[in-house]
Structures are given as structure tokens and as C-alpha cells.
Amino acid sequence: RNSRRLTECRRDIDRLDAPFLAIYESLIPAEEEKAKQKQFLALLEKLVCKEWPNAKVYIYGSCANSFGVSKSDIDVCLAIDDLYINKVDMLLKLAEILKSDNLQDVQALTRARVPIVKLMDPVTGISCDICINNVLAVVNTKLLRDYGEIDARLRQLAFLVKHWAKSRGVNETYQGTLSSYAYVLMCIHFLQQRNPPILPCLQRMKPTYAVTVDNVECTFFDQVEKLRDFGARNNENISKLLWGFFYYWAYCHDYANNVISVRAGCILRKQEKDWTRRVGNDRHLICIEDPFETSHDLGRVVDKRSIRVLREEFERAAEIMQYDPNPCVALFEPY
Ligand code: CTP
Ligand code: MG
């Protein structure tokens, strides 16, 4: 690789704090958007309960994990405690119900990896994906939200990283780059390994929350209001952390051997996970362990071409954070 390896952060990094915070603030959804989401969910709950009185409606993903920027789509999960339901039949029935209630663009995508119904609500303008019994996603949403309440810098960092990834075209799993979920886990990992750490490892603390979902035991410490001072000994601000995040992924991460694990709160070796060779479509070129489905590598979508794109983008971002006179603009330039 021909890029210069950076060593020390630029001297004027603190000067960039206010403009980066201003970008973060501009991405936060307005209160009225939240109100519309609530209104839409109430409608959905009413329609669902009429047909399936035992079903529960959960939101997951960015609208519920506190990492959603303004105008995000809503991810909804219907949980139904019935071993014999046929997801495809249920989704087709759901699509029918939604169509007859004047919701627009209703489509059942029953052959997707996670089968869903998509729709748009003309009253609130909200777009939504509905899946069935994807309860692990509801639980990992809670984990992310709980992390977000510990230290404000996580939300700031994750919003800016997601904004960067969308602007640069590297938030497209169907093109071999990473999901928003993966980027948030990368941010959590990064703040866990700062010295002193800014985030703890909730899954290694005494559990105060425990559920078993799809035979996976999900336990972690969730009394996060008790952890509000956790990162106080670290006084790095958002511009320094954003610089550090890109520096880490450009120059410090050992792509050949390492797996990042928010569950363990540290780096694991590919060897101990047996992620050392390609199996089927899983190439393990960048390894991000799912916190609950620990056999899932969220980097599995990344291939030989897209790993190059990703690493070049991390290096570009690191260089901009180090040398560019106006990184707040250059970083987010459309590709
Ligand atoms: N999810 C998951 N496993 C994945 C990808 C996603 O469990 N491999 C779940 C997570 O609960 C995640 C949700 O699906 O929060 C939505 O994923 P994604 O669209 O990547 O993230 P969002 O937070 O919704 O981001 P965006 O704002 O880009 O929609
Ligand atoms: Mg989403």
C-alpha cells in the first residue's frame, strides 16, 4: 500500500469540533418526525391486531436504536408466538390487509433472505419494512440503544460515520459494502478500546437483562443510567474521535488476523472463530462479529473488490482528517 502512514493527530483538531457537532445536530430527526412515526405505528398495530390478536408489533433498526438520521425508513417486526405459522402466507395476508387500508406501494418480498412487506403511508409519508419474528434484531436494537445512552460521543460518532458512509457509497450491502448496523458496531468497538475507554462492554458485566431468542441466550447489563460517568476520564472530543476512527480502520486494524467483537469488548483472532478461509460466500475479509449470533460475520458481504473500495475510503477519510483544510466538507463529498 502506497499511502503515507500518519503518526500524530493534526494540531488544530479541536478547531474542527464545532463544525462537526453542527453537522451531527443537523442530522438528528425533529420531534414532529417522531410523532408521525408513533401515529403510523398505532395504525399498524390496530390493523395487525384485528387479524392476529396475539401478535406484537416492535420497531427495530435505526428508528428505535437512537442512531437514526432524519427521514429514515421504519423497520417493524411482528412477533407471533406460534410455531406453525407460515411466514410467507402471513406476509401475503398482511399485504392484502394493508392494501385495503389505502397504504401505498405495498409489496410482499417473500423470497428475500429476510422476507418482508414494504409499504408507504401517504398520510405521514413514512416508508416501512415489516418482517416476522426477527426478534434477535429487536434485542440487538436494544443493545445499541443502551450503548447510545452511556456516552453522547457514541451517537455523535455513529451519525457522522453513517453520514460519511452514505455520502461515499460504502453503505450498500448489495454492492459488498457494510450495513449501518455494522458501522455502529465498529463505532462501539472503537470507543471500547480507547484508552481510557469511553464505553464499557455490557455483555461482560453482571447481566440485568436476559432473554432467550431462537435458542440464543442474550444477556447484558442494561442499567445504563448507572454508567453515565463511565467515559469521564477520557476527554477526547468528537473531531479527535472521528480522526481516530478513520486512522484505526485505515492503518491500525489487522485485516488478515483480527475480528472485532463488541460482545467480548476486544479484538479476537480469526483463528479462534475458524474464520480463516472462505466458506461458501463468506470470505471474512473484514470481520465484525454479531454480538448475539456470534457465528455471523457482518463483514461477510464484503468481497475482493469491495474490500479495496472500503479500505481506500478509510484511507481517504484518514488523510482528509489529517491534512485537509476543510475536512467537514471534503469528508462528505459525494463519490
Ligand atoms: N440487522 C441485523 N443483522 C444484520 C443487519 C441488520 O440484525 N446483518 C438488524 C439490526 O437490528 C439493525 C436493523 O436490522 O438495527 C436495521 O439494519 P440497518 O438497515 O443496517 O440499520 P439501520 O440502523 O436501520 O440504519 P439506516 O439508518 O441506514 O436504515
Ligand atoms: Mg433501517
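Worth knowing before you read on, the calculation uses all heavy atoms, side chains too, and leaves out hydrogens, waters and symmetry mates. Both ligands and their constituent atoms are indexed starting at 1 by order of listing.
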Report each N/O pair between ligand 1 and the protein that falls under 3.5 Å, naming both atoms.
residue: ligand 1; atom: 7 (O); partner: Asn140; partner atom: ND2; Å: 3.0
residue: ligand 1; atom: 11 (O); partner: Ala137; partner atom: O; Å: 3.2
residue: ligand 1; atom: 11 (O); partner: Asn140; partner atom: OD1; Å: 2.4
residue: ligand 1; atom: 11 (O); partner: Thr141; partner atom: OG1; Å: 3.4
residue: ligand 1; atom: 20 (O); partner: Ser180; partner atom: N; Å: 3.4
residue: ligand 1; atom: 20 (O); partner: Tyr181; partner atom: N; Å: 3.2
residue: ligand 1; atom: 23 (O); partner: Ser62; partner atom: N; Å: 3.2
residue: ligand 1; atom: 24 (O); partner: Ser62; partner atom: N; Å: 3.0
residue: ligand 1; atom: 24 (O); partner: Ser62; partner atom: OG; Å: 3.4
residue: ligand 1; atom: 24 (O); partner: Asp75; partner atom: OD2; Å: 3.2
residue: ligand 1; atom: 25 (O); partner: Ser180; partner atom: OG; Å: 3.2
residue: ligand 1; atom: 27 (O); partner: Ser62; partner atom: OG; Å: 3.1
residue: ligand 1; atom: 27 (O); partner: Lys162; partner atom: NZ; Å: 2.9
residue: ligand 1; atom: 28 (O); partner: Lys166; partner atom: NZ; Å: 2.7
residue: ligand 1; atom: 28 (O); partner: Ser180; partner atom: OG; Å: 2.5

Worksheet item: Is the shortest distance from a Lys or Arg side-chain nitrogen in Asp282 or Arg278 to a carboxylate oxygen in the other one below 4.0 Å?
Response: no
Discussion item. I'd like to know if Arg277 and Asp274 make a salt bridge, using a cut-off of under 4.0 Å between side-chain N and carboxylate O.
Written reply: yes
Fill in: Check against salt bridge (Lys or Arg N to Asp or Glu O under 4.0 Å), Glu312 and Arg308
CA-CA 6 Å; Glu312 277 167 20; Arg308 272 198 34 210; 3.7 Å; yes
Discussion item. Ignoring hydrogens and geometry beyond distance, is a side-chain donor-acceptor pair present between Tyr248 and His189 at under 3.5 Å?
Written reply: yes
Worksheet entry | If only protein N, O or S atoms under 2.8 Å count, total around the Mg ion (ligand 2) | 1
Worksheet item: Got a sec, which residues hit salt bridge (Lys or Arg N to Asp or Glu O under 4.0 Å) with Glu313, two or more places apart in sequence or on another chain?
Response: Arg168
Worksheet item: Would the number of heavy atoms belonging to other residues, nucleotides or ligands and lying under 6.0 Å from CZ of Arg111 be above 12?
Response: no
Discussion item. Quiz question: by atom type and distance under 3.5 Å, do the side chains of Tyr181 and Asp290 form a donor-acceptor pair?
Written reply: yes
Worksheet item: Got a sec, which pairs hit side chain to side chain donor-acceptor pair (under 3.5 Å) with one end in residues 191-215, sequence neighbours left out?
Response: Tyr147-Gln192, Arg194-Glu236, Thr208-Asp222
Discussion item. Check this for me, if you would: do Arg15 and Asp12 make a salt bridge, where the nitrogen-to-carboxylate-oxygen distance has to be below 4.0 angstrom?
Written reply: yes
